[in-house]
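Naming: A, B, ... by sequence-line order, numbering from 1 per chain. Computed over heavy atoms, backbone and side chain alike; hydrogens, waters and symmetry mates excluded.
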Protein chains: 2
Amino acid sequence: MKTAITVAIVEDKEPIRQSLAILVDGAEGFSCQATFETAEAALDYLPTHCVDVVLMDIDLPGMNGIDCVRHLKALCPHMQFMMCTMYDEDETVFDALKAGANSYILKRSPPHKLLEAITELHEGGAPMSSTIARKIASSFYVSPAAPNELDILTTREREILDRLSKGHSHKEVANELFVSPTTVRKHIFNIYQKLQVHSKIEAVNKYLGRK
Amino acid sequence: MKTAITVAIVEDKEPIRQSLAILVDGAEGFSCQATFETAEAALDYLPTHCVDVVLMDIDLPGMNGIDCVRHLKALCPHMQFMMCTMYDEDETVFDALKAGANSYILKRSPPHKLLEAITELHEGGAPMSSTIARKIASSFYVSPAAPNELDILTTREREILDRLSKGHSHKEVANELFVSPTTVRKHIFNIYQKLQVHSKIEAVNKYLGRK
DNA sequence: CCGACAATACCGCATTTGTATGATTTTGAA
DNA sequence: TTCAAAATCATACAAATGCGGTATTGTCGG
């Protein structure tokens, strides 16, 4: 039998904390090592007492769960943090991820889902409740309602601009695209003509839509 | 019984396309409406023939799957796109999300996981393979160890970087700041050292907070 | 079939830029 | 006030870049 996944719980509400602890401890392959009512208590104990996964409520008295994760993640980068909360507001979700949360699960998730998520988290995944995952994925989407100055560029030209924008030199782009450096230079020259610019930075600025 | 989830598949490799179609069509509650070998074929058909979910390979001959999603998502915002591919490289993943992909699954996922994912996607989730999810979640994390790389720059250095970011050359910046071009170059060189970069574009990207 | 255009490639030149070394003056905080 | 950092300037060289011209090939629409 494999070693159980060790878990800590940070949750101020007594009944929820208790039932989470019982759920985790009662399940095969999981072991609840500690529970805390406050962020401060967790910050005090956890840095010196390693666990695999921390279930973190957000709405805590005193320091909130997000700031708690920020501090703990800095001290124990290997520890996995699962936000476990009622809210699914945008700001909260993204703030949590920025702070170092690895997972974000809504409390209304059924118990077996929670255990599944803990396992997935421990195995290197980043389990998210579906509405949360959708929010995150959507945050990357850039509407194609962009200015069409770039439409006059050919596919190849856009490809080259894209690489230039990542800071690659002529030569590097040439190697990446398996063409000669002179070809790349020619393309770049054509791009400058079309965009009416005279340097890489100006071209990249137009390409990325910065003004 | 509920209406089946309608699915389209875009995949150039015959055996994979076939087995995906059979898997989807054979399962209760799913219906494979169409399959395409190329992005172009999908772009031609799908805008006028609604489906719920599109399974999209990335590595296609001609137009790639990401650009295909970009076009289709603009035409059919309600359609859900699941990237279904071998690769889990950073750039590919994020480009796909920017293009409008709602889900990203590695081909090595077991069949039942794929069907689960389609259902979850259709119900408003954003199913991701675990390594992908981790990448995405991590991309938000801002390490407190390096709060802001730009903090180590002096006022003058920031001033110069700001003008560089507008596309000005060394000489232009020198004139604007009433100093000699060599001074500007010295500053720029110092900036490169501090930011650990070797070109204007890379420096500007860091300055403007791109990756 | 033809013409337009994209992509490829080369040559050459002037300028800009990246890197290095060294030095002087200003400024700000200890 | 004293010291360190910041800002200034110079010289030099190699590499990258911007700009001009020319040419071949392939594709696509008319």
Side-chain angles (χ1 to χ4, degrees), chain A residues 148-208, chain B residues 12 37-41 43-44 60-64 67-68 71 147-208 210:
Chain A
N148 13 6
E149 199 175 13
L150 301 175
D151 288 355
I152 55 178
L153 297 181
T154 67
T155 309
R156 198 54 156 177
E157 284 165 349
R158 267 192 290 272
E159 197 172 1
I160 286 174
L161 246 189
D162 189 67
R163 288 164 198 266
L164 283 189
S165 75
K166 296 187 168 69
H168 302 187
S169 70
H170 290 181
K171 203 178 290 180
E172 288 170 332
V173 174
N175 287 333
E176 291 161 18
L177 301 183
F178 307 108
V179 297
S180 100
T182 47
T183 303
V184 173
R185 293 175 68 189
K186 181 62 169 175
H187 280 305
I188 292 174
F189 182 68
N190 291 335
I191 291 169
Y192 289 174
Q193 303 271 294
K194 289 185 182 178
L195 298 186
Q196 287 289 290
V197 298
H198 311 278
S199 73
K200 291 205 284 192
I201 294 227
E202 288 178 285
V204 168
N205 279 345
K206 285 214 175 192
Y207 177 65
L208 298 179
Chain B
D12 59 324
E37 289 184 45
T38 66
E40 289 80 359
L43 266 174
D44 199 48
L60 297 168
M63 180 185 290
N64 68 48
D67 288 330
C68 185
H71 286 105
N148 202 342
E149 254 182 318
L150 302 177
D151 288 352
I152 57 179
L153 297 181
T154 68
T155 310
R156 197 56 155 177
E157 285 165 349
R158 267 193 290 270
E159 197 174 0
I160 287 174
L161 202 38
D162 189 67
R163 288 165 199 266
L164 282 188
S165 76
K166 296 186 167 66
H168 302 186
S169 71
H170 289 182
K171 204 178 288 181
E172 287 170 330
V173 175
N175 288 332
E176 290 160 20
L177 301 183
F178 306 107
V179 296
S180 102
T182 47
T183 302
V184 173
R185 291 174 67 189
K186 179 66 165 176
H187 281 306
I188 292 174
F189 184 67
N190 290 335
I191 291 169
Y192 289 174
Q193 303 275 293
K194 290 185 182 179
L195 297 187
Q196 287 288 289
V197 298
H198 309 278
S199 73
K200 290 206 283 193
I201 295 228
E202 287 177 289
V204 168
N205 279 346
K206 286 214 173 187
Y207 177 63
L208 297 180
R210 265 75 171 186

Participant: Would you mind telling me which of D:dT17, D:dA7, C:dA7 lies closest to the side-chain atoms of A:Thr155?
Facilitator: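 It is C:dA7.
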
Participant: Return the CZ to NE2 distance between B:Phe189 and B:His198, rounded to the nearest 0.5 Å.
Facilitator: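 Between atom CZ of B:Phe189 and atom NE2 of B:His198 there are 10.0 Å.
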
Participant: Rounded to the nearest 0.5 Å, how far does NZ of A:Lys194 lie from CG of A:Leu153?
Facilitator: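 Going from CG on A:Leu153 over to NZ on A:Lys194, the span is 5.5 Å.
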
Participant: Between B:Leu60 and B:Glu37, is any pair of side-chain heavy atoms under 4.5 Å apart?
Facilitator: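 B:Leu60 does not reach B:Glu37 side chain to side chain.
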
Participant: May I ask you to say whether A:Lys166 pairs ionically with A:Asp162, meaning some side-chain N is under 4.0 Å from a carboxylate O?
Facilitator: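 Between A:Asp162 and A:Lys166 there is a salt bridge, with a charged N closer than 4.0 Å to a carboxylate O.
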
Participant: Round to a whole Å and report the spacing from NZ of B:Lys200 to C1' of C:dT15.
Facilitator: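 B:Lys200 atom NZ is separated from C:dT15 atom C1' by 12 Å.
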
Participant: Find the distance B:His170:NE2 to D:dT11:C1' and express it as a whole number of Å.
Facilitator: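 So the two atoms are 17 Å apart, to the nearest Å.
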
Participant: Could you tell me the separation between the NZ atom of B:Lys171 and the P atom of C:dA14, rounded to a whole number of Å?
Facilitator: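 It is 14 Å, rounded to the nearest whole Å.
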
Participant: Scan nucleotides 19-29 of chain D against the protein and return all N/O pairs shorter than 3.5 Å with their distances rounded to 0.1 Å.
Facilitator:
residue : atom : partner  : partner atom : Å
D:dC19  : N4   : A:Arg185 : NH2          : 3.1
D:dT22  : O4   : A:Lys186 : NZ           : 3.4

Participant: State which residue, out of A:His187, A:Glu159, A:Arg163, fulfils the side chain to side chain contact (heavy atoms under 4.5 Å, CB included) condition with A:Val173.
Facilitator: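 Only one of A:His187, A:Glu159, A:Arg163 forms a side chain to side chain contact (heavy atoms under 4.5 Å, CB included) with A:Val173, namely A:Arg163.
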
Participant: Considering only nitrogen or oxygen atoms on both sides, find all protein atoms under 3.5 Å from nucleotides 26-30 of chain C and state each distance.
Facilitator:
none

Participant: Roughly how far, to the nearest 0.5 Å, is the CZ atom of A:Arg158 from the CG atom of B:Asp67?
Facilitator: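 One gets 8.5 Å once the value is rounded to the nearest 0.5 Å.
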
Participant: Knowing that exactly one of A:Leu161, A:Thr183, A:Ile160 qualifies, which makes a side chain to side chain contact (heavy atoms under 4.5 Å, CB included) with A:Ile188?
Facilitator: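 Of the listed options, the one satisfying the test is A:Ile160.
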
Participant: Below 4.5 Å, heavy atoms only, C-beta onward: do A:Glu172 and A:Glu176 meet side chain to side chain?
Facilitator: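 Result yes, sub-4.5 Å side-chain heavy-atom pair found.
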
Participant: Considering only D:dT8, C:dA9, C:dA7, which nucleotide approaches the side chain of A:Thr183 most closely?
Facilitator: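 Taking heavy atoms from C-beta onward, the closest nucleotide is C:dA9.
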
Participant: Has the side chain of A:Tyr207 got a donor or acceptor atom that lies under 3.5 Å from a matching backbone atom of A:Leu164?
Facilitator: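 Between the backbone of A:Leu164 and the side chain of A:Tyr207 there is no qualifying donor-acceptor contact (under 3.5 Å).
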
Participant: Do the side chain of B:Glu157 and the main chain of B:Thr154 share a donor and acceptor less than 3.5 angstrom apart?
Facilitator: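 Looks like yes, one N/O pair under 3.5 Å.
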
Participant: Using a 4.0 Å cut-off on heavy atoms, which residues in residues 174-182 of chain B reach DNA chain C? List them by number, or say none.
Facilitator: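 Residues of residues 174-182 of chain B under 4.0 Å from DNA chain C: none.
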
Participant: Specify the separation, in whole Å, of atom CD1 of B:Ile160 and atom C1' of D:dT8.
Facilitator: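 Computing the B:Ile160:CD1 to D:dT8:C1' distance gives 11 Å.
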
Participant: Using whole Å, what does the distance between atom P of nucleotide D:dA5 and atom NZ of B:Lys194 come to?
Facilitator: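 Taking NZ of B:Lys194 and P of D:dA5, I get 11 Å after rounding.
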
Participant: Quickly work out the B:Asn190 CG to D:dA6 P distance and round it to whole Å.
Facilitator: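 One finds 9 Å between P of D:dA6 and CG of B:Asn190, rounded.
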
Participant: Would you kindly give the CD-to-P distance between B:Gln196 and C:dT19, to the nearest whole Å?
Facilitator: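 Taking atom P of C:dT19 as the reference, CD of B:Gln196 is at 11 Å.
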
Participant: B:Ile191 has an atom CD1; how far is it from atom C1' of C:dT19, in whole Å?
Facilitator: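 Roughly 15 Å, once rounded to whole Å.
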
Participant: I'd like to know if the side chain of A:Lys200 and the backbone of B:Ile201 have a donor-acceptor N/O pair within less than 3.5 Å.
Facilitator: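 Not at all, since once roles are kept as given, no pair shorter than 3.5 Å links the two residues.
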
